[in-house]
Amino acid sequence: MPQGDTLHLNTFMNTDTTDSFASIGSLKIAIIGAGNLGQSIALGWVKSGKVAPGQITCTRRQVEALADLQAVGIHVGTDNLAAVAQADLVILAVKPYKAEEVLTEIGPALVGRKILISVMSSVELKQLGAHAGPEVLLFRAMPNIATEISESITCLSHAKGRKDGIGLVTELFDLIGRTSWIEESLMEAATVLGACGIAYVMRFIRAMVQGGIQIGFDSHTASLIATQTVKGAAELLLQGGRHPEEEIDRVTTPKGCTIVGLNEMEHQGFSSALIKGIVTSFQKIEK
């Protein structure tokens, strides 16, 4: 998938994105609460070749869990306040229930010309703003763990009326996949579809592999066929821009094996179960 390919699914974003920040190559970045997602973001930026390991500082309580990052030259530590104080751009990646505590801790350093980006679900821009100085630019981002291989979809939103920083944030997340600017009210939905969606797709692939084994393949071959098939299907949609049903029509023939398989899946509630799962996850995150 090409980098720098930005999807604008909504057109609300003002196209005037002039920035007054340093270039990506000189940006000092702090990732606070570097769990699985925070680490994936850091590794994705380093692998892009546009961000040097020494530009990034990652923190978490169990600093030994950041050994892989330290091994590639990323700074690691436990001092959140110090990391934020020296940063131009701060990624807040702690668990949502810890957000208020950590924001209070780092608040004294959230002053001057900085960018603060939350990748936490259910933490709104107004909550970030309550702890940040007036010059700090506020953003929300929802990537997924495919950031590590530069194949994420990252949904982004920003405080209305603040245009500075948009270009830089877009460029930064374009390094690790594709981006889409959305209204903040859709960020929880983006969490479910884009971030939780990784797990849904993995479960689908696992089921394909199990079916492949049942009809005769060994597990390795079944896994290779299933994963490459899913990758090919996704690329057909991304590159062709067609609706999934159009692609389905291309491989279903009258009285063929594809249509009978699809119909049996629908009889067993395949689409309904997937939709219900997505909606149930959304209802949970809203609570």
Side-chain angles (χ1 to χ4, degrees), residues 1 3 24-25 27-99 101-103 105-106 109-110 114-123 128 139-156 168-179 187 190-202 285:
M1 185 181 296
Q3 294 177 356
I24 284 179
L27 202 63
K28 294 179 180 178
I29 301 170
I31 301 179
I32 307 301
N36 290 333
L37 181 57
Q39 291 181 52
S40 293
I41 293 170
L43 289 171
W45 280 336
V46 170
K47 289 178 181 179
S48 75
K50 302 292 185 180
V51 180
Q55 293 177 239
I56 305 174
T57 299
C58 291
T59 68
R60 65 178 295 170
R61 287 182 177 177
Q62 295 79 30
V63 71
E64 61 275 8
L66 302 178
D68 289 345
L69 302 187
Q70 190 172 27
V72 299
I74 294 171
H75 302 297
V76 303
T78 59
D79 193 332
N80 294 333
L81 186 61
V84 172
Q86 61 83 39
D88 303 306
L89 183 144
V90 178
I91 302 287
L92 194 58
V94 299
K95 298 294 184 184
Y97 73 90
K98 299 286 287 184
E101 175 187 336
V102 174
L103 281 166
E105 176 190 357
I106 66 176
L110 289 174
K114 292 183 187 290
I115 292 176
L116 175 62
I117 305 174
S118 166
V119 296
M120 302 175 292
S121 61
S122 305
V123 178
L128 303 180
F139 293 85
R140 290 181 66 183
M142 185 46 61
N144 59 44
I145 59 172
T147 52
E148 187 174 336
I149 57 168
S150 300
E151 292 289 357
S152 177
I153 176 65
T154 302
C155 293
L156 298 161
L168 181 62
V169 171
T170 302
E171 185 181 358
L172 199 56
F173 282 96
D174 276 344
L175 294 177
I176 49 179
R178 296 189 175 196
T179 53
M187 287 303 292
T191 303
V192 172
L193 201 58
C196 302
I198 286 279
Y200 307 150
V201 175
M202 294 295 183
I285 206 170

By side-chain contact (heavy atoms from CB on, under 4.5 Å), which residues pair with Ala85, not counting sequence neighbours? Ala109
Looking only at non-hydrogen atoms, find the nearest pair between Glu105 and Leu81 and report the distance. O-CD1, 3.5 Å
Restricting to side-chain contact (heavy atoms from CB on, under 4.5 Å), what partner residues turn up for Asn36, sequence neighbours left out? none
Partners meeting salt bridge (charged side-chain N to carboxylate O under 4.0 Å, His left out) with Lys95 (sequence neighbours left out): none
Taking all non-hydrogen atoms of both residues into account, name the closest pair between Ile285 and Ser121 and its distance. CD1-CB, 3.6 Å
Measuring only between side-chain heavy atoms, which start at C-beta, is Phe139 closer than 4.5 Å to Ile115? yes
Looking at Ala146, is its backbone amide N or carbonyl O close enough to the side chain of Ser152 to form a donor-acceptor pair, meaning the two atoms are under 3.5 Å apart? no
Which value, rounded to the nearest 0.5 Å, describes the distance between Ile41 atom CD1 and Thr147 atom OG1? 5.5 Å
What pairs of residues pass the ring pair (Phe, Tyr, Trp, His ring centres under 6.0 Å) test when at least one of them lies in residues 57-76, not counting sequence neighbours? none
Which heavy atom in Ala30 sits nearest to a heavy atom in Ala83, and how many Å separate them? CB-O, 3.6 Å
Do you know the tightest heavy-atom contact between Val94 and Gly33? CG1-CA, 3.8 Å
Who pairs with Gln55 by side-chain contact (heavy atoms from CB on, under 4.5 Å), at least two apart in sequence or on another chain? Leu27, Val51, Ala52
Please report the shortest heavy-atom distance between Ser122 and Arg140, naming the atom on each side. N-NH2, 3.5 Å
Could you work out, with side-chain contact (heavy atoms from CB on, under 4.5 Å) as the rule, every residue matching Leu193, not counting sequence neighbours? Ile278
Can you list every pair that meets ring pair (Phe, Tyr, Trp, His ring centres under 6.0 Å) and has a residue in residues 51-72, with sequence neighbours left out? none
Ring pair (Phe, Tyr, Trp, His ring centres under 6.0 Å) pairs touching residues 38-70, sequence neighbours excluded, are Trp45-Phe173
According to side-chain hydrogen bond (donor to acceptor under 3.5 Å, both in side chains), who are the partners of Thr59, at least two apart in sequence or on a separate chain? Asn80
Side-chain contact, heavy-atom cut-off 4.5 Å: Val123 with Leu92? no
Calculate, to the nearest 0.5 Å, the distance between atoms OG and CD1 belonging to Ser118 and Ile32 respectively. 12.5 Å
Can you list the residues that meet the salt bridge (charged side-chain N to carboxylate O under 4.0 Å, His left out) rule with Glu64, with sequence neighbours excluded? none
So how far is it from Glu148 CD to Gln39 CD, rounded to the nearest 0.5 Å? 8.5 Å
Within the 4.5 Å heavy-atom criterion, are Ile198 and Val201 side-chain neighbours or not? no
Asp79 to Ala82 - nearest heavy-atom pair and separation: OD1-N, 3.0 Å
Quick one: pull up CG in Leu103 and CG in Leu128 and give me the separation to the nearest 0.5 Å. 6.0 Å
Just to verify, what does Glu101 make a side-chain hydrogen bond (donor to acceptor under 3.5 Å, both in side chains) with, not counting sequence neighbours? Arg61, Lys98
If I take atom CD1 from residue Ile149 and atom CG from residue Leu43, how far apart are they, to the nearest 0.5 angstrom? 12.0 Å
Inter-residue atom distance Ile29.CD1 - Gln86.CD, 0.5 Å rounding: 10.0 Å
